[in-house]
Protein chains: 2
Amino acid sequence: MTDDPWVPPVVLLAVDLVILTLRDSRLHVLLVRRGVDPYKDAFALPGGFLNHAGEDITAAAHRELSEETDLDVETLSLEQLGVYGDPGRDPRGRVVSVAYLAIAPSLPEPTAGTDAADAGWQPADHVLSGDLQLAFDHRRIIADGVERARVKLEHSALATAFCGPTFTITELQNVYEAVWGIRLDPRNFYRKVQKTEGFIVPAGTARKAVTGRPARLYRAGPRTVLYPPMIRPAPVSIEGGE
Amino acid sequence: MTDDPWVPPVVLLAVDLVILTLRDSRLHVLLVRRGVDPYKDAFALPGGFLNHAGEDITAAAHRELSEETDLDVETLSLEQLGVYGDPGRDPRGRVVSVAYLAIAPSLPEPTAGTDAADAGWQPADHVLSGDLQLAFDHRRIIADGVERARVKLEHSALATAFCGPTFTITELQNVYEAVWGIRLDPRNFYRKVQKTEGFIVPAGTARKAVTGRPARLYRAGPRTVLYPPMIRPAPVSIEGGE
DNA sequence: AGGCATTTTTGTCAAAGTGACAAGAAGGTA
DNA sequence: TACCTTCTTGTCACTTTGACAAAAATGCCT
């Protein structure tokens, strides 16, 4: 150890985006296929390095979001998920990545961006099961993002972000069932969301039937924090894991 | 804009620690007084830059924790709080800081570390009210840390981390009251924690009386996730903040 | 020693919330 | 018209909560 004036080490800063949506009543995550090494041809989260040393991190996340997808950035909730900076997670050097979580309503297949040779929605359970080869530590980031979404569904009105501008109560229930991975009783769910004041508000016209009784339409209410929360049935095992 | 091969910009990576404890039934946060510019003589969170480019971020947090305090690092819960990297938050350049949250049982005044001219516990409400001048964006980081602790008290057994190895139910109640900033009914609190299986378990000897009936002693149980959660009364205003 | 203040612990009771389930309402379709 | 499907409104037993009373177990004071 020398006594030279110590200079702090520098790192490369990147952002990664976990973009979740519902397609066909299943949770999907947006992945791109890497066109360059490392992990060439493997699936990865959309993201990239800061443009310049002065770029705001959240702004970079928004920029990547609009670069790699054609989603309406303004209306999307974008929330910091955490930092992933293990040494060795990127063979190119010390790369520290800030992960963001975004929720999008169901949308058509996105068009590929510039960096990505291919981009598309992949079923979340398929990705998390390990069948799909993912670059870097992106599987863990996705797992954290899905878990965050599960928790947020309990305490916030995030579920409406998965839906379009108007939706039926059954569609909202499908969101909860898909993200939580369980089934809920339609009648109890109906009662619960109805009495959670400000969660959803009626939206004029009330028809949306392919078969069966037409459902009423609702839109997201003014409330963002749900109190009392929606209750996820018995998510905890006997010995209460973290 | 040139067409030179683009190289990603680098940033300086730091860690900051929000260390909370209970002293005299009030929530306190550990602050150091900065000995060097910028913000010389102002209060700041303990923390610092990575030692070297290969250092693990969580390891750096643990290192700073043991450097600047004489707490038993092993037993402390240490959780990532978030990334704070606004351009301009540090006049020295582009510094991105990873904040961690730690909870400690009540302890004597820590001895000053090497980088810190002074270190000590400051009441959280005093810090957050704005009376105290803080370096960088550390007031916001502390606010986020306190809010995180409030939420974690609801869903995890974190409250026991504020207590010593054994504690009474009233002491545990004091934790909730101090962190949440409200008062709770002792009888209902007693009933609630008792029937939350695995939260606390009896600890042999049962005496701890200065005045009044001696209280039974407990220790933290095996459960880390509380289900059903402890309920924080009406934290939400009419129009649901966040 | 006896009474009193204090704190812990055990109950009680009405109100609200939850889980399970039946049945009516409002469409399509054979 | 009969039937099938889905949405919506109830019902009921059980649990949990919030507010409060009262008993139990000390120390202190006179």
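Just so we're clear, the structure is a prediction, and the values are computed from it rather than from any experiment. Letters A, B, ... mirror the listed sequences (proteins, then strands); counts begin at 1.
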N/O-N/O pairs, protein side and nucleotides 17-19 of chain D side, under 3.5 Å:
{"unit_1": "D:dT17", "atom_1": "OP1", "unit_2": "B:K192", "atom_2": "NZ", "d": "2.8"}
{"unit_1": "D:dG18", "atom_1": "N7", "unit_2": "B:R191", "atom_2": "NH2", "d": "2.8"}
{"unit_1": "D:dG18", "atom_1": "O6", "unit_2": "B:R191", "atom_2": "NH1", "d": "2.9"}
{"unit_1": "D:dA19", "atom_1": "N7", "unit_2": "B:N188", "atom_2": "OD1", "d": "3.4"}
{"unit_1": "D:dA19", "atom_1": "N7", "unit_2": "B:N188", "atom_2": "ND2", "d": "3.0"}
{"unit_1": "D:dA19", "atom_1": "N6", "unit_2": "B:N188", "atom_2": "OD1", "d": "3.3"}

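Residue A:T211 places none of its side-chain N or O atoms closer than 4.0 Å to OP1 or OP2 of C:dG28. OP1 or OP2 of C:dT10 has at least one side-chain nitrogen or oxygen of B:Y190 nearer than 4.0 Å.
Checked against the 6.0 Å centroid criterion, the rings of B:H28 and B:H126 do not qualify as a close aromatic pair. Ring-centre distance between A:F189 and A:Y176: below the 6.0 Å cut-off.
Here D:dT8 presents its P atom at 16 Å from CG of A:L184, a figure rounded to the nearest Å. In this structure, the CG atom of A:L226 is 14 Å from the P atom of C:dG17, given to the nearest Å. Regarding A:R216, its CZ atom lies at a distance of 18 Å from the P atom of D:dT6, rounded to whole Å. For B:L217 and D:dT26, the CG to P distance is 13 Å, given to the nearest whole Å. Taking atom CZ of residue A:R232 and atom C1' of nucleotide C:dT18, one finds them 18 Å apart after rounding to whole Å. When rounded to the nearest whole Å, the span between CD of B:E171 and P of C:dT7 equals 14 Å. Rounded to an integer number of Å, the gap from A:E197 CD to C:dA16 C1' is 15 Å. Taking atom CD on A:Q194 and atom C1' on D:dC7, their separation rounds to 11 Å, with Å as the unit.
Checking side-chain atoms of B:T21 against main-chain N and O of B:A104 turns up a donor-acceptor pair under 3.5 Å.
Residue contacts for A:T170: at a heavy-atom cut-off of 4.0 Å it reaches the sugar-phosphate backbone alone, with no base atom in range.
Checked for salt-bridge contact, A:E171 and A:R216 miss the test: no charged N lies under 4.0 Å from a carboxylate O. With respect to B:E147 and B:R232, a salt bridge is recorded, a charged nitrogen being found less than 4.0 Å from a carboxylate O.
In the set D:dT9, C:dT9, C:dG24, the nucleotide with an atom closest to the side chain of B:R213 is C:dT9.
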Exercise for review: Would you sort out whether A:Y84 and A:D144 count as a side-chain hydrogen bond (donor to acceptor under 3.5 Å, both in side chains), showing the intermediate values?
Suggested key: CA-CA 11 Å; A:Y84 298 83; A:D144 292 347; 2.5 Å; yes
Exercise for review: Take B:Y227 and B:T196, measure what side-chain hydrogen bond (donor to acceptor under 3.5 Å, both in side chains) needs, and give me the verdict at the end.
Suggested key: CA-CA 7 Å; B:Y227 186 83; B:T196 302; over 6 Å; no
